[in-house]
Amino acid sequence: MPAPQLYIIDYRLHDQQRSFIIRLERMDNAEAWHWASCDAGIGIIPKFGREKIRKVSRPMAERYGISDVSWRLSGTRPAAPPVTEDDTQTTRPTV
């Protein structure tokens, strides 16, 4: 049985950045989307560890305004944000 570890989940709710820390035995993208929806007040948090609940999927979470869910092990650096077209444009001096 793996030992629980701390994970940081970052997400956006209606274009507002949010982040939280959770202790779980394992983490993957589906778990991250579910726990982000729980933090946002959409998903159900099980009362007991063995209680089986229906997890919130990515499409369902996106309907409620959740986007850009990412997760990482606590103590690691967040991934660099993706480069957009606006970031790559350079300004040229006017003559």
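All values below come from the heavy atoms of this structure, side chains included, with hydrogens, waters and symmetry mates left out.
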Point to revise | More than 12 heavy atoms of other groups within 6.0 Å of Ile44 CD1 | key: no
**Study point:** Pairs satisfying salt bridge (Lys or Arg N to Asp or Glu O under 4.0 Å), at least one member in residues 63-72, at least two apart
**Key:** Asp10-Arg72
Review point. To the nearest 0.5 Å, how far apart are CD in Glu62 and OG in Ser67?
Key: 7.5 Å
Revision key, fill the gap. Sorted by chain and number, sequence neighbours left out, side chain to side chain donor-acceptor pair (under 3.5 Å) with Arg18 holds for none
Exercise for review: Report the distance from atom CD1 of Ile53 to atom NZ of Lys47, rounding to the nearest 0.5 Å.
Suggested key: 10.5 Å
Exercise for review: List, by chain and number, the other hydrophobic cluster members for Leu24, where Ile, Leu, Val, Met, Phe, Trp and Tyr join if side-chain heavy atoms come within less than 4.5 Å, directly or indirectly.
Suggested key: Tyr7, Ile9, Tyr11, Leu13, Phe20, Ile22, Met27, Trp33, Trp35, Ile42, Ile45, Val56, Met60, Tyr64, Ile66, Val69, Trp71, Leu73
Check your understanding: In the hydrophobic clustering that connects Ile, Leu, Val, Met, Phe, Trp and Tyr at side-chain heavy-atom distances below 4.5 Å, which members other than Leu6 occupy its cluster, ordered by chain and number?
Key -> Ile8, Ile21
Check your understanding: Can you name the residues that form a salt bridge (charged side-chain N to carboxylate O under 4.0 Å, His left out) with Asp28, not counting sequence neighbours?
Key -> Arg26
Practice item. Just jot down the side chain to side chain donor-acceptor pair (under 3.5 Å) partners of Gln17, sequence neighbours excluded, or say none. Key: Arg12
